[in-house]
Amino acid sequence: MIYIGSDHGGYTLKLEIIDHLRERGFEVTDIGCDSEASCDYPIYAKKVTDAIIDGSADKGILVCGTGIGMSMAANKVSGIRAALCHDVFSAQATREHNNANILCLGARVVGPGLALMIVDTFVDTAFSNDERHVRRLKLYDAL
């Protein structure tokens, strides 16, 4: 299960991502926002992080204008590893090395074509379980 949320700046891209993931057979829950009317991104970051923490979602996606606000808000929550990605390599590396559980995207930074490639890479890439990455995640969690 993937939970996805956005603010007004990421609303249109969020809809494209939802359609794309559902076409690929993923179960996706849209937690809002529901229009391009101005809204506050931390509300939607919290809804997605709550779903990850309580086990309702395996992964999350957050979209705002730059992705920065969403990633900052999500990473305030213990147990969340949100990664702001602007390219496919970063999406792959953050899953393999950091076991990121939330992808953050900036709708005003990446176009829809690239965004969908980043999303595909994020959801298709598994954590490596390499000893050094596991050790580093334990250190991260202890911060």
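Here the closest non-hydrogen pair linking Leu103 and Phe122 is N-CZ, 3.6 Å. Shortest non-hydrogen contact noted between Cys85 and Thr94 is SG-CG2, 4.1 Å. Taking each heavy atom of Tyr44 and Leu62 in turn, the nearest pair found is O-CD2, 3.7 Å. Closest approach of Met70 to Ala45, counting heavy atoms only: SD-CB, 4.0 Å. Residues Phe26 and Val123 come closest through the heavy atom pair CZ-CG2, 3.8 Å. Minimum heavy-atom separation, Cys64 to Gly69: SG-N, 4.2 Å.
Under a cut-off of 6.0 angstrom, the local environment of OH in Tyr140 is crowded, with over 12 non-hydrogen atoms contributed by other residues, nucleotides or ligands.
When the side chains of ILVMFWY residues are joined at heavy-atom separations under 4.5 Å, either directly or via intervening members, Met117 and Leu13 end up in a single hydrophobic cluster. Put simply, Met72 and Ile4 are part of two different groups of oily side chains (I, L, V, M, F, W, Y) that touch within less than 4.5 Å, one to the next. Both Ile2 and Ile18 are assigned to one and the same hydrophobic cluster, defined by single-linkage of ILVMFWY side chains at heavy-atom distances under 4.5 Å. When hydrophobic clusters are built by joining Ile, Leu, Val, Met, Phe, Trp and Tyr residues whose side-chain heavy atoms come closer than 4.5 Å, directly or via intermediates, Val48 is grouped together with Ile53. Clustering ILVMFWY residues whenever any of their side-chain heavy atoms sit less than 4.5 angstrom apart, transitively, puts Leu105 in a cluster other than the one holding Ile68.
Within the 3.5 Å criterion, the main-chain N or O of Ile102 finds no donor-acceptor partner in the side chain of Arg81. Using a distance-only test at 3.5 Å, with no hydrogens or angles considered, no donor-acceptor pair links the side chain of Asp40 to the main chain of Pro42. Under the 3.5 Å distance criterion, the side-chain polar atoms of Arg95 are left unmatched by any main-chain donor or acceptor of Thr121. Asp7 places a side-chain N or O within donor-acceptor distance of the main-chain N or O of Gly10, the cut-off being under 3.5 Å.
For the atom pair CD of Glu96 and NE2 of His133, the computed distance is 7.5 Å after rounding to the nearest 0.5 Å. Note that the CD1 atom of Ile31 and the OG atom of Ser6 stand 7.5 Å from one another [nearest 0.5 Å]. With values rounded to the nearest 0.5 angstrom, Ser56 atom OG is found 9.0 Å from Asp50 atom CG. Here OG of Ser128 is found 9.5 Å from CG of Asn98. Values are rounded to the nearest 0.5 Å. In this structure, the separation between CG on Asp120 and CD on Gln92 is 13.0 Å, given to the nearest 0.5 Å. In this structure, OG in Ser38 is found 4.5 Å from NE2 in His8, a value given to the nearest 0.5 Å.
Counting only heavy atoms from C-beta outward, the side chains of Asn129 and Val134 approach each other to under 4.5 Å. Looking only at side-chain heavy atoms (C-beta outward), Val119 and Arg24 stay at 4.5 Å or farther from each other. Using a 4.5 Å heavy-atom threshold, the side chains of Ile80 and Asn101 count as touching. Using a 4.5 Å cut-off on side-chain heavy atoms (C-beta onward), Ile17 and Leu116 make contact. Between Leu15 and Tyr11 there is a side-chain heavy-atom pair separated by less than 4.5 Å.
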Item to check | Steps toward side chain to side chain contact (heavy atoms under 4.5 Å, CB included) verdict (Leu21, Ile61) | outcome: CA-CA 11 Å; Leu21 287 172; Ile61 299 173; 3.8 Å; yes
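With sequence neighbours excluded, no residue forms a side-chain contact (heavy atoms from CB on, under 4.5 Å) with Asp34. For Ser90, the side-chain hydrogen bond (donor to acceptor under 3.5 Å, both in side chains) partners two or more places apart in sequence, or in a different chain, are Asp87.
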